[in-house]
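As the structure lists them, so they are numbered: ligands from 1, and atoms in each ligand from 1.
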Amino acid sequence: MRVLVTGGAGFIGSNFVHLTRTERPDAQITVLDKLTYAGTTRSLDGVMDDITFVEGDVADRELVDRLVADSDVVVHFAAESHNDNSLADPWPFVDTNVIGTVSLLEAVRKHDVRYHHISTDEVYGDLELDDPARFTEATPYNPSSPYSSTKGASDLLVRAWVRSFGVKATISNCSNNYGPRQHVEKFIPRQITNVIDDVRPKLYGDGLNVRDWIHVDDHNSAVWAIIERGRIGETYLIGADGEENNKTVVESILTTMGKDAGDYDHVTDRPGHDRRYAIDPTKLRDELGWVPKYTTFSDGLSATIDWYRENESWWRPMKDDTEAKYAKTQKIEK
Ligand code: NAD
Ligand code: TDX
């Protein structure tokens, strides 16, 4: 099977490539990645000789048409992915997340190629802390940020291409991922690398916002289950019952790394900060028989801490720029 992976030099896409090389060695993988600030071929160290790597933009229609013509399945991970960046400058989010998705949809339509669209639970907006509800495939779209609204737009485009043009597509909306090779702008790697640098972790607002954490390998095993056994035209929510509030996560990072649990700062809150995300993965589990491997968050977190400790050369080049960007808008509040 010839698999085109967009965004394969980013966090989830690169882990997808590594997992696929290990578990499906017959797959012929081509990665299309623009190598933005968020992508690096160093995330593909160890597999570069076994794949075809193409540096390019998913919004480049001619390039995409050519690559899709030579593929059996497209897995579309490429995106601008960080909420804070989308508040500072929404344009790259529109170009990549919306226009880039249309570029791929038109190519898979023309060449009749199977397409899987990677999306996020953030398209559903947020839940109150005391709401017993979780997101399901039937939850109405209600995104809060430029990032999540462009992801929501891309999902709706996929649905329209399925209905109007019969494109063979599936969509997955996953909760917050953690694991190796995640950019240090994101919550968990930012705090782990801060602690390594003897800098106090930074919590937005009161720190009681809840995220539903899933290990990146569990996300990617679910993506393969959907590609192989999912029903065309369907959406599947991916989650591993991992709800934790941010304060608890920071405290776990600190204590696991031998520091005092209270050794963190509260900083300026994110504008429009979603309160809680929570996924009901019943459809994925019942219909496709998928189960996560990482069922204890603290074990997955410890393994992730070890990875950042052992791979400083991977994250060090991105750390200073990231913190300089944050310093422009975030002040310590207490
Ligand atoms: P990331 O920012 O780590 O990686 C994105 C990759 O896409 C980078 O390698 C970047 O160079 C590439 N890219 C960006 N613009 C491009 C363009 N125009 N053309 C080609 N390549 C381009 O993101 P991630 O966290 O790995 O997220 C991957 C996907 O998963 C995204 O679609 C995101 O919305 C979705 N998602 C992420 C999470 C999460 O917790 N990180 C959760 C659910 C869904
Ligand atoms: O320094 C921080 N301090 C902090 O308290 C950072 C970077 C974040 N936070 C908070 C904000 C969120 O409540 O931690 C939580 C997680 O933040 P992010 O890592 O920025 O993730 P989030 O905004 O929840 O979005 C992530 O999950 C869904 C991914 O970045 C998205 O791509 C994905 O769609």
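For the side-chain contact (heavy atoms from CB on, under 4.5 Å) with Pro201, the qualifying choice from Leu254, Asp265, Val249 is Leu254, the only one to do so. For the pairing with Trp307, the ring pair (Phe, Tyr, Trp, His ring centres under 6.0 Å) check across Trp315, Tyr178, Trp314 returns one residue only, Trp314. Residue Ile226 is tested with Ile238, Ile171, Val75 for a side-chain contact (heavy atoms from CB on, under 4.5 Å); the sole match is Ile238.
Protein residues having at least one heavy atom under 4.0 Å from any atom of ligand 1 are Gly7, Ala9, Gly10, Phe11, Ile12, Asp33, Lys34, Leu35, Thr36, Ala38, Gly39, Gly56, Asp57, Val58, Phe77, Ala78, Ala79, Ser81, Thr96, Ile118, Ser119, Thr120, Tyr147, Lys151, Cys174, Ser175, Asn176, Asn177, listed by chain and number. Listed as neighbours of ligand 2 are Ser81, His82, Asn83, Thr120, Glu122, Tyr147, Asn176, Glu185, Lys186, Phe187, Arg190, Gln191, Lys202, Leu203, Tyr204, Asn209, Arg211, Asn246, Arg270, His273, Tyr277, Tyr326, each bearing a heavy atom under 4.0 Å from the ligand.
Glu287 has no carboxylate O lying under 4.0 Å from a charged side-chain N of Arg229, or vice versa, which leaves the two without a salt bridge. Here Lys293 does not pair with Asp217 in a salt bridge; the nearest charged N to carboxylate O distance is not below 4.0 Å.
Taking the six-membered ring where tryptophan is involved, the planes of Trp213 and Phe187 are essentially parallel, since the angle between them stays under 30° and well short of 60°. In this structure, Tyr37 and His183 have perpendicular ring planes: the angle between them is above 60°, well past the 30° mark.
Between Tyr115 and Val158 the shortest side-chain heavy-atom distance falls below 4.5 Å.
The neighbour count for Arg61 CZ, taken as heavy atoms of other residues, nucleotides or ligands under 6.0 Å away, does not exceed 12.
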